[in-house]
Amino acid sequence: MSQEKTIKTTTDIDSLRSEIRDKSVRVIDVRREDDYKHSHIPTAVNLPLANLLSDDSPERVLKLVNAMGIDDETRVVVYDDTFGALASRVAWTLEYIGHSGVSLLETTFSNWKSLGLENDNNIPEIQSKEHSIHLKPEILATSNYLETSKDKPNIILIDNRERLNYLEQHIPGAISLPYRTLATPDKILRPKEDMKRLLDNRGISGNSEIITYCGSVGTLSGLAYYALKSVGLPNVKLYVRSFKEWKSLEKPIAKQQDAHYWDLSAE
Amino acid sequence: MKVSNLKQSHPDTPKPKINWARIEEAEDFANTVKLFRQGKYDEDSFRRYRLQHGAYGTRMTNDYAMVRIKLPAGEVYPHQLEKISQLSEQFSIGNAHFSTRENIQLHWVILEDVSEILRGLAEVGLTSREACGNSVRNVMCSPLSGVCPDEEFDSTPYALATARFFLRNPLSQNLPRKFKFNFTCCEKHGMVRMVDVGLIPQTRDLDGAIQKGFKIFLGGGLGNKSFVGYQLEEFTPEEDLLYTSIAVIRIFDRLGDRKNMARNRMRYLVNDMGWEKFQNLVLKERAIVRATQSVITRLDIDHTPSIIKRPIRISDESGSSIPDGYTRWLKTNTLKQKQAEYSSVFITLEAGDITSNQITSLAAIIREFSSEGHARTGFLQNIALRYVHKDDLPLLYSKLLTVGLAKSGALTMAAPIGCSGTTSCNLALTNSHRLAKEIQRKFLELKLDQDDDLCDSSIKISGCPNACAQHGIATIGFFGGGGRVGKEMYPNYQMSLGGRSDGETILGATCHRIPAKRVIPVILKIIELFKQNKKSDDTLKDWIHRIINGKEDSEIKSILDIRKALDLLTIPPTKEEDPDFYTDYGSDSSYHTKTGKGECAA
Ligand code: HEM
Ligand code: SF4
């Protein structure tokens, strides 16, 4: 537990570069295979998000993790090119099976490249390793869990989809915090003080139990999960199956009534 | 040619001269919201505070706000647009709205996030302070001021100085009601008779020297009841501009009706008192102001000329082909400036809406094409890019095309105005916003933007009688209401014809009630009647003007004749025959009227 607190949510560019030089980190690139093959951060292995999602049962994830040469002690940094959302979903999955040393690269691959930082297309040789499995159910929320805890007093449910989608339909009781709110133009997450002020204004603070969700597979809300962790909020859960599952189960849905907000969109 | 070829850094892009923001207001707003939520601030004082800081309530909910960002004189710089784009993605709906009064509005903002927007705006020197509430609202200036071939001089510095003088000034913090200034370039391009204070620059010869001054109009305004402003005097010299403004505001502050919300704009005061009496009061008050204030109180007018510098282009575009539609766009969206070789380019948006991505692209386009390095917003929910070199027009067009900002018809009847209506306004009865978009699409589809007979006409649609879309001065104006057949309701509009805001300002004459789903056929029918009866080189505007003044001799002689010709189109079908008739645009359920508490008077 205490180790968890010392792991920062994001890793800055300089730290990652020195960890790569020291060979003390496993870097995971979660972009599509083609993009990875074209160029990636040196020493990175490829785990396309789609590959993970095709079966993200703990047993399968364990196999993937082992094959990437990750054991309980390995430092892991994940990156993507989708403002950190895909990387977050992968990082969360590692955390869920019990890995405690994973963090997100503070920026995207495009930005890394545009800064002129090193990248190559070498595919590293990996020695498989043995990771243990210690599931962390306290970071997972399911639809059942949501339903049974909906009347608990100290619970905050956060919808990370865009505002118009939220207005049109959301899980009853959820508040809206679009994923765009969490980032700055060049970092996947705002600086800590900034994030804290923003969340504080919204009453997202203290010891509440906080659950995030988004449209389909827990990516945007995965990023929000890490945003909340980045300011030290202790009790955060991700509803991984998110609104897609909620709708397919025909659970109750709330809506902002009597206004034609969609017609304000120029799209 | 690749976009990347053209990408350059512009280290010397001009920066705004005035910082309108105060960062501490963001902090204060956040704290005030917290106190309000804790019940330590009563509803009414909180509402007043919120409005003074530029945040309106939203349709059917007070948990969301609309934040109105002021752009004094309509000036907006690329980095400011980039910030607004970012804020709209983070805290609004990923879109922003350009208004008719040179504001940019962000809708459906969570009340608790408003302070974050204020903070972001402060980073780029913008404010929403006194954009709503009983204060001096955004000071407008014609988007053509400085480039208009017909103007006597550029009134922009005066508009900016006026805005600066009144912003946060104790004089204007608690007026009986909102107060609006409009500066213009010439008679044709402004809206000076439909506002509390309207100003046209003019000069006179004083013993061989040219003296600058203004024609000042007072007491006009649109709304549930509209009035045309009166000219104060033949010539108001520039030294008297501020004293006159202070005098008028003091009188309004002292005598304006603070009780009756519906009748407390200055125009009612002028009307009740009679123009001559009001005029005398102003002149007397001005003498007092001049005598007591003249040494200390001055407008801080910055006359340093803007730097005009055509952005350098590295790549050679000669030989790149001009995309289709260029001629049409050139004709309906650009005006030649008084500066040789330069044009002003107007970008029309559907009812003022633009996506965050488009705003970012727009910022880059301004840097790349405007030799003055910033843009101006217009009166028509639109944007003007000025000082575009004539040789750059084709490339600019193709750039605008790739980001969806090259709709033609910006300066024609094909660019209708629609207020927010039921998309966000608490008082709305109809979806005027969407209707404006539908009309624009139809007009462009029929290529009516290219029709010279129609180009000086306008269409404006308000979602209720409050006239936010300024329907009273439209050639064809509409305001929303509900119609009824037995127990069933349908969205309906009151239509007026022949309004105008130029030298011959007059409010439109009421013509007919038109069901929402018949508005487009009715407009087309009016155009057809006009075409059948027009004289050679007649425009629709002139034709309607003659009809209203009883001077038309063709088959259609009066508003009543037009009304009769439209009767058939306005008859409601039964719900079985045409269920769509009973729904409003943007909705698939039966129409019903529903309104909340309005805040226009707050
Ligand atoms: C009795 C209530 C109201 C009156 C009399 C009123 C009057 C006006 C008038 C006359 C204008 C046209 C600009 C001008 O020429 O000054 C205007 C603009 C505007 N008003 Fe109101 N207003 C009222 C309430 C509201 C409310 C409740 C909202 C929604 C929050 C609203 C939103 C707007 C917007 C957005 C514009 C700019 C038009 C646009 O581009 O969309 N108004 N208002
Ligand atoms: S005209 Fe009516 S519906 Fe339109 S914005 Fe104004 S108050 Fe709202």
Side-chain angles (χ1 to χ4, degrees), chain A residues 83 85 110 113-114 156 158-168 170 173-191 193-206 215 220 223-224 227 254-267, chain B residues 27 30-31 33-34 37 58-61 63-64 82 86 88-97 105 107-116 119 349-358 404-405 418 420-426 428 431 433-435 437 584-587 592 594-596:
Chain A
F83 44 85
S110 300
K113 263 177 95 164
S114 73
I156 302 173
I158 303 181
D159 184 321
N160 300 112
R161 296 170 306 146
E162 283 163 15
R163 179 69 37 83
L164 285 172
N165 293 316
Y166 168 84
L167 290 172
E168 187 176 87
H170 55 261
I175 63 170
S176 162
L177 183 67
Y179 63 96
R180 294 277 187 205
T181 316
L182 309 170
T184 68
D186 57 350
K187 299 263 165 65
I188 62 168
L189 293 177
R190 288 171 180 259
E193 282 315 302
D194 226 27
M195 188 80 81
K196 222 179 159 74
R197 188 191 62 240
L198 175 101
L199 296 174
D200 231 44
N201 286 342
R202 297 290 307 276
I204 305 168
S205 57
L220 305 179
L223 184 65
K255 163 182 185 153
Q256 184 71 38
Q257 300 280 356
D258 292 312
H260 299 124
Y261 28 81
W262 278 103
D263 287 329
L264 284 168
S265 166
E267 256 154 336
Chain B
E27 190 88 39
N31 291 334
V33 171
K34 281 184 193 146
R37 293 295 196 200
T58 293
R59 188 168 174 79
M60 304 306 159
T61 161
D63 292 339
Y64 293 92
E82 280 159 355
Q86 194 191 332
S88 77
E89 266 192 336
Q90 296 188 325
F91 301 107
S92 176
I93 56 172
N95 282 263
H97 172 81
Q105 302 179 163
H107 286 282
W108 293 96
V109 173
I110 289 174
L111 182 60
E112 276 77 0
D113 283 340
V114 171
S115 57
E116 288 297 309
R119 188 177 291 276
L349 307 168
E350 289 191 328
D353 295 338
I354 183 168
T355 67
S356 316
N357 287 337
Q358 286 175 326
L405 291 174
S420 3
T422 51
T423 64
S424 68
C425 173
N426 236 340
N431 192 347
H433 197 73
R434 171 71 176 271
L435 177 56
K437 296 184 178 192
D584 201 351
Y585 284 104
S587 167
H592 58 285
K594 197 163 183 180
T595 56

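Within every chain, numbering begins at 1; the chains are lettered A, B, ... in the order of the sequence lines, protein sequences first and strands thereafter.
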> For B:Glu27, which residues count as a salt bridge (Lys or Arg N to Asp or Glu O under 4.0 Å) partner, sequence neighbours excluded?
Replying inline: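 Salt bridge (Lys or Arg N to Asp or Glu O under 4.0 Å) check on B:Glu27 returns B:Arg119.
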> Is it the backbone or the side chain of B:Val109 that comes under 4.5 Å from a heavy atom of chain A, or both, or neither?
Replying inline: backbone
>> Between B:Gln90 and A:Ala183 (side chain of the first, backbone of the second, donor and acceptor by atom type, cut-off under 3.5 Å), is there such a pair?
In response: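 Answer holds: yes.
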Looking at every heavy atom in both [X] and [Y], which two are closest together, and how far apart are they?
X	Y	result
B:Lys34	A:Asn201	NZ-OD1, 3.4 Å
A:Arg163	B:Tyr64	CD-CE2, 4.0 Å
A:Ser265	B:Asp353	N-OD2, 4.2 Å
B:Arg59	A:Gln256	O-NE2, 4.3 Å
A:His260	B:Thr422	ND1-OG1, 2.6 Å
B:Asn95	A:Ala266	OD1-N, 2.7 Å

> Which of the residues B:Gln358, B:Glu82, B:Lys437, B:His592 is involved in the greatest number of heavy-atom pairs with chain A at under 4.5 angstrom?
Replying inline: B:Lys437
> When only pairs under 4.5 Å are counted, which of B:Asn31, B:Ile110, B:Thr355 shares the most heavy-atom pairs with chain A?
Replying inline: B:Ile110
> Which bit of A:Tyr166 is near chain B, if near means a heavy-atom gap under 4.5 Å: side chain, backbone, both or neither?
Replying inline: side chain
> What part of A:Leu167 lies closer than 4.5 angstrom to a heavy atom of chain B: side chain, backbone, both or neither?
Replying inline: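 The answer is the side chain of A:Leu167.
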Let me confirm one number: the [atom1]-[atom2] distance from [X] to [Y], rounded to the nearest 0.5 Å.
X	Y	atom1	atom2	result
A:Arg180	B:Ser92	CZ	OG	13.5 Å
A:Thr184	B:Gln86	OG1	CD	8.0 Å
B:Ser420	A:Asp263	OG	CG	12.0 Å
B:His97	A:Leu264	NE2	CG	8.0 Å

>> Quick test of your reading of the model: are A:Arg202 and B:Asp113 salt-bridged, counting only N-O distances below 4.0 Å?
In response: yes
>> Only pairs of heavy atoms separated by less than 4.5 Å count here; which of A:Gln257, A:Glu162, A:Arg190 has the most with chain B?
In response: A:Arg190
